[in-house]
Every structure is written in structure tokens, then in C-alpha cells.
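To start, the structure itself, in C-alpha cells.
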2 protein chains.
Amino acid sequence: MQRNGSTASSGRGGRVYAVLQQAIVDQALPPGTKLPEDSIGAQFGVSRTIVRAALQRLAADGLVDMQVKRTATVARPSLEEARSVFEVRRCLEREVARLVAEKWNDGFATSLAAHLSEEQQAAHGGDSKATIRLAAEFHVKLAGMSGNPLLARYVAEVVSRCSLILSVFGRPHQSECAIEEHRAIIEALAAGDAARAATSMEHHVALVERRGVGGEAPAEPDIGEILARYLPLAPIASV
Amino acid sequence: MQRNGSTASSGRGGRVYAVLQQAIVDQALPPGTKLPEDSIGAQFGVSRTIVRAALQRLAADGLVDMQVKRTATVARPSLEEARSVFEVRRCLEREVARLVAEKWNDGFATSLAAHLSEEQQAAHGGDSKATIRLAAEFHVKLAGMSGNPLLARYVAEVVSRCSLILSVFGRPHQSECAIEEHRAIIEALAAGDAARAATSMEHHVALVERRGVGGEAPAEPDIGEILARYLPLAPIASV
DNA sequence: TCGCGCAATCAAGTATACAAGACTGGGTGG
DNA sequence: CCACCCAGTCTTGTATACTTGATTGCGCGA
């Protein structure tokens with residue numbers, strides 16, 4: 001590794017960035033959530049300067065919306081954006097599969113096997129938060145194995161955005177049945193079959209997209225529908 | 001287009017960013033050039049705050065090196081980095097070719113034809129600066145036609161980095177014989193032959209890489225060798 | 001004469017102050 | 001009764017002050 005690359009640049013700003021990013025992809029901060037600079041700064045014990053830089057990086061990553069003179073918010077990807085992201089992701093991860101198959105070695109095998117078993121454990125334990133996180137990490141880890149730092153950075157970015165997208169468009173509690181697909185990819189890689197690995201990967205990403213964005217209606221901030229579900233319960237409730 | 005996307009975000013900062021980026025890819029600011037925040041700010045009539053944001057964006061783009069407590073400099077890509085960038089670029093532009101072939105229409109045809117003739121004019125007129133710039137713009141324009149804003153952003157980024165790379169590793173005065181290759185790509189696209197367009201594009205990018213990075217020795221900041229060429233002229237010269 | 005350490009200078013990291021544009025609520029007119 | 005407008009408040013955009021870490025040039029010792 002050379003230079004600082006994609007990870008947290010200067011100490012404190014990097015910390016704020018990392019925490020916010022994790023919170024967003026974990027859906028702890030749902031799309032549309034306001035991200036005021038000073039309150040975040042107070043939370044972390046830093047000034048707005050730091051928070052601002054972090055928000056700008058997140059905006060560059062597509063995780064945050066920033067408009068002039070407007071409070072930054074967690075991004076709410078449109079359906080169109082979602083398709084763009086998946087299209088690029090498919091292309092990038094296909095390349096990752098090709099490259100990793102070429103470079104395959106025992107270290108990769110053990111690392112991925114360990115990861116897979118973690119995934120299974122989380123899925124078995126019903127820890128959906130961890131399951132989602134591990135699924136994303138699988139792809140990031142694989143991209144790191146490509147030996148191409150730029151490719152890895154792009155994959156990390158699109159994977160993050162996909163998490164956000166799924167939080168907008170995905171069915172709420174759908175189980176991540178992706179583990180078997182991950183296993184298939186690993187098997188193809190282990191067999192040194194770059195073509196099959198690429199195909200498996202492409203298939204997997206396509207399935208993730210279908211599960212997430214599917215033929216589903218936009219599920220846009222359809223205020224009427226959403227409120228209708230709450231009205232019977234709280235006709236004129238607070239907030 | 002939605003949101004602000006990749007272009008200059010807030011007015012002034014965007015201006016600084018755009019100018020610096022252009023200067024870097026035009027090689028007006030060669031790799032290693034120091035970019036002190038306050039003198040740049042003075043130049044543009046803005047404070048360090050603005051310049052800093054612009055430098056951070058450029059650093060995220062890989063055009064600028066920023067290390068803690070050290071003056072930012074124009075990035076000096078390593079040979080390894082260069083290969084990474086071209087690898088990703090090949091993959092992305094292949095996808096661009098596929099997509100543009102699918103969406104091909106007369107507007108694209110006339111726009112690209114016009115661009116090609118501009119390129120020829122510049123090459124004919126011996127304006128190598130313009131030739132290089134137009135060659136880069138060709139790829140960015142094509143990526144924009146893919147209809148995928150994220151893909152377009154990534155392509156713009158790798159193309160910028162390639163310009164920088166060529167300024168480090170490329171032979172100085174080599175003519176950009178890429179115009180014929182551009183024509184071949186356009187022809188394949190116009191024929192609606194996505195596969196051939198993708199192949200042409202891949203071939204073209206490979207050739208650009210070979211011309212730029214080639215089998216060439218790293219041309220690293222090999223101080224000994226570089227100084228040896230100067231010593232006979234100025235044994236203990238100033239600087 | 002050359003190398004090393006120290007001190008002065010410079011630039012980046014961060015906080016904060018100030019100005020200006022958005023949001024909110026209430027009041028007024030239709 | 002509703003809609004619109006206005007003022008107060010809040011939050012961002014930018015500049016700047018201050019602190020701390022790096023850089024460089026000079027003087028001292030070998």
C-alpha cells in the first residue's frame with residue numbers, strides 16, 4: 001500500500017467519516033435524515049470544519065446529499081440511480097472475479113472460507129444486521145484480493161451505495177440468501193476458472209439487484225400511503 | 001441530471017477545483033509541484049478553506065497527494081498505480097462501448113463526428129495540447145452517452161489520471177495517433193455492433209497504455225541518473 | 001571541510017467568528 | 001376558515017486566528 005489511499009485521511013476527520021458511513025450503510029440513519037454540522041460536531045467533540053469535510057467525502061461517495069445552504073441529509077437514491085449503481089457494480093465485480101481467479105492462492109482460500117463461516121453463523125443466529133454487513137464485506141474483501149487498489153476503492157463505494165439502495169427499495173425482512181451464491185463464487189475461484197467465477201459473480205450481483213430493486217414499484221416517499229398506515233393507530237398523534 | 005453530481009459543487013470551490021484539475025491534466029503543473037493552500041487562495045481571491053476543499057476533492061480523484069501536515073503536491077503516480085488505473089479504465093470503457101452501442105442514435109453520430117473533426121484539426125495544426133485534451137474529452141463524452149452518470153464519473157476520473165500518468169511515463173513528443181482508433185470505435189458503434197465496439201475500445205485503451213507506460217523503465221525519480229545528465233553542464237550549479 | 005543539531009520560519013490542522021441564506025411559526029387580511 | 005406574508009431563529013458558507021508539526025538555514029563541533 002502506498003500513500004493514504006481511501007481510508008480515513010487525517011485522524012479525526014477520518015473517524016467522523018467512518019462512523020457516519022457505517023451508520024448510513026447499517027441503516028441506523030435512514031435516507032432523508034438530516035445531518036446538521038454542529039450537532040454532529042458536538043457529538044464527536046470536534047468543530048464543524050471536521051464534520052464538513054467528512055460530509056463532503058460522503059457526498060462524493062453518493063451516501064449524502066449536500067445542496068447549497070441546505071442541511072445535508074442521508075441520500076435517498078432514486079430508482080434510476082439504483083440501476084446505474086448496479087450496472088457499474090456488475091461490471092466492476094466481474095473484473096474482480098477475473099483477477100482474483102488469476103491470483104488465487106491458499107491465503108485467499110482460508111480467508112474467504114473463514115468469512116463464509118462467519119456469514120453462516122450470523123445468518124443462523126438471526127443477526128440480520130451482521131448478515132448484511134458481512135455480505136458487503138465479502139465483496140470488499142474480494143476486491144482487495146484483486147491487487148488493484150483503485151478497483152477495490154470503486155467496489156467499496158458501489159457496495160456502500162448498494163446497501164443504501166437496499167434500505168430504500170429492498171423488502172424489509174428478506175433473508176440474505178446470498179451465502180450460497182458466495183460459496184459458488186468461491187468454488188469457481190478455487191477451481192481457477194476465471195470465466196465461471198465472473199459469471200457466478202455477475203449472476204450473484206444480478207440477483208442482489210433483483211431482490212433489492214426488483215420489479216418493485218419505486219416505494220418512493222409516498223407520503224399518503226405511508227401515513228395511511230399510521231392513521232388508524234394515531235389519528236393526530238404527536239410528530 | 002439530478003442533484004449536483006460530479007461537477008463543481010458550491011460556486012467558488014468548484015471553480016478552484018476545475019482550474020486546478022485542468023492545469024494538472026494539461027501538465028501545466030507537473031507532478032511533484034507543491035500546492036500551498038494560502039498562495040493558491042491568494043491567487044483565486046478565496047480563503048484556505050475553499051482551497052482546502054478543492055485539494056481534498058483532487059486528492060480523492062488521485063490527482064493530488066495530501067499527507068498530514070505536509071504541503072499538498074501534484075500526484076506522481078507509480079508504475080503500479082498506472083497499471084491499476086489502466087486496468088480499471090479498460091473494464092469501464094468496455095462497458096461504455098457496450099451501452100453506447102445499445103443506445104446509439106443520430107445525435108450521438110453527429111456529436112462524435114464533430115468531435116473527431118476537431119481532433120483532426122488540432123492534430124493537423126500541430127496543437128499537441130489541444131490534441132491531448134480532445135482525446136481525453138472523446139472518452140468522457142462517450143461515457144456521458146452511456147446514460148449512466150456513475151459510469152461517466154468514474155470514466156472521467158480514470159481518464160484524468162491517465163493524462164497525469166502519461167505526463168510521467170509517456171514519451172514526450174509522441175504524436176497521439178489515437179484518432180484512427182477513435183474512428184474505428186465510432187464506426188463499430190454506428191454499426192450497432194456492441195461486441196466489436198467493446199473490442200475496439202479495449203484495443204484502443206490497451207494501445208494508449210502501451211504508448212504511455214509501455215515496456216518503459218519506471219522513469220522513477222532516479223536522482224542519480226537524472227543529475228548525472230546535468231552534472232557535466234553545471235557541476236555545482238544553483239538549486 | 002564536512003556533518004549534525006538547533007532555532008527561526010512556514011504551512012497545515014482546527015476552532016471560531018461573522019455574514020447571509022433557509023426554515024418555522026404566528027399573525028393578518030381576504 | 002384558509003392562505004399568505006413577515007419576523008425570528010437556525011444553519012450553512014467563508015474568512016481568520018491560533019496551535020502544532022514540518023522544513024530549512026546557520027552555527028558549532030569533529
Side-chain angles (χ1 to χ4, degrees), chain A residues 3-5 7-20 29 31-60 63-76 221 223 236-239, chain B residues 3-5 7-20 24 29 32-61 63-76 221 223 227 231 235-239:
Chain A
R3 296 184 177 80
N4 57 16
T7 54
S9 44
S10 51
R12 290 195 269 188
R15 176 167 179 70
V16 176
Y17 171 82
V19 170
L20 285 178
L29 296 171
T33 307
K34 288 197 175 184
L35 302 169
E37 296 173 359
D38 46 7
S39 47
I40 294 174
Q43 195 75 17
F44 284 92
V46 299
S47 79
R48 284 177 46 214
T49 308
I50 309 295
V51 177
R52 193 171 177 73
L55 289 175
Q56 281 168 339
R57 281 180 67 190
L58 289 164
L63 296 182
V64 159
D65 271 351
M66 287 185 88
Q67 285 169 300
V68 284
K69 287 280 187 184
R70 228 164 237 88
T71 306
T73 60
V74 177
R76 186 193 303 284
I223 303 166
I236 314 172
S238 68
V239 172
Chain B
R3 298 186 175 79
N4 55 18
T7 55
S9 44
S10 51
R12 290 195 270 190
R15 176 166 179 72
V16 176
Y17 171 82
V19 171
L20 286 178
I24 291 172
L29 297 171
T33 306
K34 286 196 176 185
L35 302 168
E37 297 173 358
D38 45 8
S39 47
I40 295 174
Q43 195 76 16
F44 285 92
V46 300
S47 79
R48 283 176 48 213
T49 308
I50 308 296
V51 177
R52 191 171 179 72
L55 289 175
Q56 282 168 338
R57 281 180 65 189
L58 289 164
D61 291 349
L63 296 181
V64 159
D65 270 351
M66 287 184 89
Q67 286 169 298
V68 284
K69 287 282 187 182
R70 229 164 238 87
T71 306
T73 60
V74 177
R76 185 192 302 286
I223 303 166
L227 291 188
L231 277 182
I236 315 172
S238 65
V239 171

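Just so you know, these numbers use all the heavy atoms, side chains as well, and skip hydrogens, waters and symmetry mates. Quick note on labels: first sequence line is chain A, next is B, and so on, each numbered from 1.
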Nearest to the side chain of B/Arg48, which nucleotide is it out of C/dA17, C/dA12, D/dA15?
C/dA12
Between D/dA15, D/dG13, D/dT11, which nucleotide gets closest to the side-chain atoms of A/Asp38?
D/dT11
Nearest listed nucleotide, side chain of A/Arg70, among D/dA22, C/dC23, C/dG13
C/dC23
Output the single nucleotide from D/dA22, C/dA15, D/dG13 whose closest atom is nearest the side chain of B/Lys69.
D/dA22
Respond yes when some side-chain nitrogen or oxygen of A/Ser47 is under 4.0 Å from OP1 or OP2 of C/dA15, and no when none is.
yes
Rounded to the nearest Å, what distance is computed from the CG atom of residue A/Asp65 to the P atom of nucleotide D/dT12?
14 Å
Please confirm whether the shortest side-chain N or O distance from B/Thr71 to OP1 or OP2 of C/dC10 is below 4.0 Å.
no
Going by side chain to side chain contact (heavy atoms under 4.5 Å, CB included), A/Leu35 matches just one of A/Thr71, A/Thr73, A/Leu29. Which one?
A/Leu29
Hey, does A/Phe44 have a side-chain heavy atom less than 4.5 Å from the side chain of A/Val51?
no
Roughly how many Å is it from CD in B/Glu37 to C1' in D/dT16, rounded to a whole number?
14 Å
Which atom of A/Arg12 lies closest to which atom of A/Val46, heavy atoms considered:
CD-CG1, 4.0 Å
Check whether any side-chain N or O of A/Arg52 sits under 4.0 Å from OP1 or OP2 of D/dT12, and answer yes or no.
no
Can you check the B/Gln67 CD to C/dA11 P distance for me, whole Å?
17 Å
Between C1' on C/dA11 and CG on B/Leu55, what's the gap in Å once rounded to a whole number?
13 Å
Residue met sooner reading DNA chain D from 5', once B/Thr49 and B/Lys34 are mapped to nucleotides
B/Thr49
Can you measure from CD1 (B/Ile40) to CG (B/Leu55) and round to the nearest 0.5 angstrom?
5.0 Å
Heavy-atom closest contact (B/Arg57 atom, B/Gly14 atom, distance)
NH1-CA, 4.4 Å
Does A/Arg12 make a side-chain N or O approach to OP1 or OP2 of C/dA15 shorter than 4.0 Å?
yes
B/Gln56 atom CD is separated from C/dA12 atom P, nearest whole Å, by 12 Å
Specify the separation, in whole Å, of atom CE of A/Met66 and atom P of D/dT14.
11 Å
Starting at CD1 of A/Ile50 and ending at P of C/dG13, how long is that distance when rounded to a whole Å?
9 Å
